[in-house]
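Down below is the structure, laid out as structure tokens.
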2 protein chains.
Amino acid sequence: MSPEEHPAPPAAPGKKARLSREIVLSTALALVDAEGLDALTMRRLGQELGRDPMSLYRYAANRAALLDGVSELVLDELAIIPDDPDWQSQLRRIAHDLRLLALRHPNVVPLLVTRPLSTPLGLRPLGTLRPLEQILSLLIDAGFAPVDALHVYRAYYGYLYGHILNELQEFVVDPEENEALLRLGLHRLPPKDFPRLRALAPVLADYDGMAELDEGITILLSGLAGRLPLPDSPTEP
Amino acid sequence: MSPEEHPAPPAAPGKKARLSREIVLSTALALVDAEGLDALTMRRLGQELGRDPMSLYRYAANRAALLDGVSELVLDELAIIPDDPDWQSQLRRIAHDLRLLALRHPNVVPLLVTRPLSTPLGLRPLGTLRPLEQILSLLIDAGFAPVDALHVYRAYYGYLYGHILNELQEFVVDPEENEALLRLGLHRLPPKDFPRLRALAPVLADYDGMAELDEGITILLSGLAGRLPLPDSPTEP
DNA sequence: GCCTACAGTCTACATTGTAGAGAAGTTGCA
DNA sequence: TGCAACTTCTCTACAATGTAGACTGTAGGC
């Protein structure tokens, strides 16, 4: 109880500002970005914030809710602004945006992909549902019947998420020595069982995710456009 | 130390058979199928097998390796037999098979999707890489250049995984009262912010995953076929 | 018989999420 | 100002988890 006891309230003046959900979540996101999902423990996050771990429970009901909050925060970075009248180019732009978002927060992608699996659609964090609503709206405004809009959305988002997963899987290694490491990893495979994969090692090494995504989107969108009744498809004569 | 002490070696004769990796993994899979990923703890699995939890470490280096083993076991259920000469219908069949596999083991899907994200391609369990190799082989045999085969594979598997994630997300609720529950969940959404989604509630409720997958695959494959140089595409004149 | 290898067990510990009671700080009202 | 209600944060405690390390039993080879 001596006066020397208190850690340093005047020494670190900014530290003791009141917590808020935004502060908690963004610190959590920073931690996940920097050190991965496993590093995000209540204790560690508390320490990061200079607070007792228990104080976090005022801003997230439990750890799962905290993870949901982080996904929501990340998805909020995806701005969907309907400025382009052409729905295809809109969807294309959003796809590239989402791809970049995923590359910016690769450690969060598992959350984006798996958290919804354990939560019924209607009960998800609103931020998670917003892109769905916005894209539906975009498509309906472009002239699609609501049911068809849903079809397009599903095919589109399905491919998009799949591509992102694909791309992230190929970049767990340092891009600098990507090729060497890849070869090394693949070298472990028995040549008898994996001839094709081994032969493709150099091709696997230089992967242009953006081009690959763009091509897939083109195929899918023009395929969808040709199959559905819609007002006007600018890219098809 | 009395003779009555020993539990019951003759009473339960089958119980004390020697453990094996297969037994451990298949019990683990059964547990995950029945009660979800969280139920798969070392202690619980040990109990399920009538063994000390520590004995499991002889068959899997740690819990992560156990999870990898479970994914591998599931993927082994996917038989890729190149009987059909038409690559498109082959890929279509595989897609449906994988979809059914996912519906059979929905709790394992998060593993299939996220474990690879933390393991460099070359270091994954072999069982996980086998489908990749086989599909490459199938495409190359069908006449694709290896590089193009990789393109096709990526677009195809990307869409396929995306679709599976999509579909599983819509079926967390009991299909019996699917519609009611969905409406209930969606009812929580603020009408101002989510008009489209709410209006689509009835359509969301009856979702034909198989048809949706098939249509997407058709679009994607015929798009790919039209874009790449390949020997013969039976469905295109 | 004894020796070695291996399967399985026991004990122990650090780390995790989180319940529950309380302290400290803030705000509203007399 | 003083007091009371409320919010925010902290402390202590506990059960559950993964897993290291030493130990025990059992099977086969000499």
Side-chain angles (χ1 to χ4, degrees), chain A residues 1-3 5-10 12-28 31-32 35-70 107 110-111 114-115 118, chain B residues 1-3 5-10 12-28 31-32 35-70 107 110-111 114-115 118:
Chain A
M1 302 261 185
S2 76
E5 211 60 19
H6 60 87
K15 265 296 174 186
K16 280 305 178 187
R18 188 98 124 292
L19 238 43
S20 72
R21 183 152 214 267
E22 287 66 41
I23 297 178
V24 169
L25 290 183
S26 60
T27 312
L31 187 55
V32 171
E35 306 185 29
L37 275 179
D38 291 343
L40 181 57
T41 69
M42 303 309 259
R43 285 170 163 87
R44 178 67 197 282
L45 181 55
Q47 172 183 331
E48 215 72 21
L49 289 161
R51 285 302 191 318
D52 187 281
M54 278 296 123
S55 65
L56 304 175
Y57 285 86
R58 197 152 303 266
Y59 304 99
N62 49 39
R63 195 180 118 99
L66 195 101
L67 295 178
D68 280 340
V70 171
N107 295 333
L111 285 188
T114 58
R115 297 279 329 148
S118 39
Chain B
M1 303 258 183
S2 75
E5 212 59 20
H6 60 85
K15 264 297 175 185
K16 280 305 180 187
R18 192 86 127 300
L19 239 41
S20 71
R21 185 153 213 268
E22 287 68 40
I23 296 178
V24 169
L25 290 184
S26 60
T27 312
L31 187 54
V32 171
E35 306 186 29
L37 275 179
D38 291 344
L40 181 57
T41 70
M42 302 310 257
R43 285 170 163 87
R44 178 68 195 283
L45 182 54
Q47 171 183 331
E48 215 72 23
L49 289 161
R51 288 298 193 317
D52 187 282
M54 278 296 122
S55 65
L56 304 174
Y57 285 87
R58 205 159 292 274
Y59 304 99
N62 49 39
R63 181 162 189 262
L66 195 97
L67 294 178
D68 280 339
V70 171
N107 295 333
L111 286 187
T114 57
R115 297 278 330 149
S118 39

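Basis for what follows: all heavy atoms, side chains included, without hydrogens, waters or symmetry-related copies. Residue numbers start from 1 in every chain, and the chains themselves are labelled A, B, ... in the order their sequence lines are given, proteins ahead of strands. Fair warning: this is a prediction, and the values are worked out from it, not measured in the lab.
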Practice prompt. Between D:dC11, D:dT19, C:dG8, spot the one nearest the side chain of B:R58, thanks.
Written response: C:dG8
Response to the item:
Checking D:dT19, D:dG18, C:dG8 against the side chain of B:N62 (C-beta onward), the nearest is D:dT19
Worksheet item: Rounded to the nearest 0.5 Å, what separation is found between the CG atom of B:L49 and the OH atom of B:Y59?
Response: 10.0 Å
Item to complete: Would you give the length of the straight line joining atom CG of A:N62 to atom CG of A:L56, rounded to the nearest 0.5 angstrom?
Response: 12.0 Å
Fill in: Selection from C:dT9, D:dC9, C:dG17 that lies nearest to any side-chain heavy atom of A:R18
D:dC9
Worksheet item: Are A:Y59 and D:dC9 close enough that a side-chain N or O sits under 4.0 Å from OP1 or OP2?
Response: yes
Worksheet item: Mapping B:L19 and B:R43 to their closest nucleotides on DNA chain C, which lands nearer the 5' end?
Response: B:L19
Worksheet item: Over how many whole Å does the gap from B:M42 atom CE to C:dG8 atom C1' extend?
Response: 14 Å
Worksheet item: So, for A:L66 and A:A28, which heavy atoms are closest and what is the spacing to 0.1 Å?
Response: CD2-CB, 4.4 Å
Fill in: Comparing B:A64 and A:M54 on DNA chain D - which has the more 5′ nearest nucleotide
A:M54
Discussion item. So if I take every side-chain heavy atom of B:Y57 and compare against D:dT19, D:dC9, C:dT18, which nucleotide ends up nearest?
Written reply: D:dT19
Discussion item. Rounded at 0.5 Å granularity, tell me how far CZ in A:R115 sits from CG in A:L67.
Written reply: 5.5 Å
Worksheet item: With respect to the side chain of B:S55, which nucleotide from C:dG8, C:dT18, D:dT19 is positioned closest?
Response: C:dG8
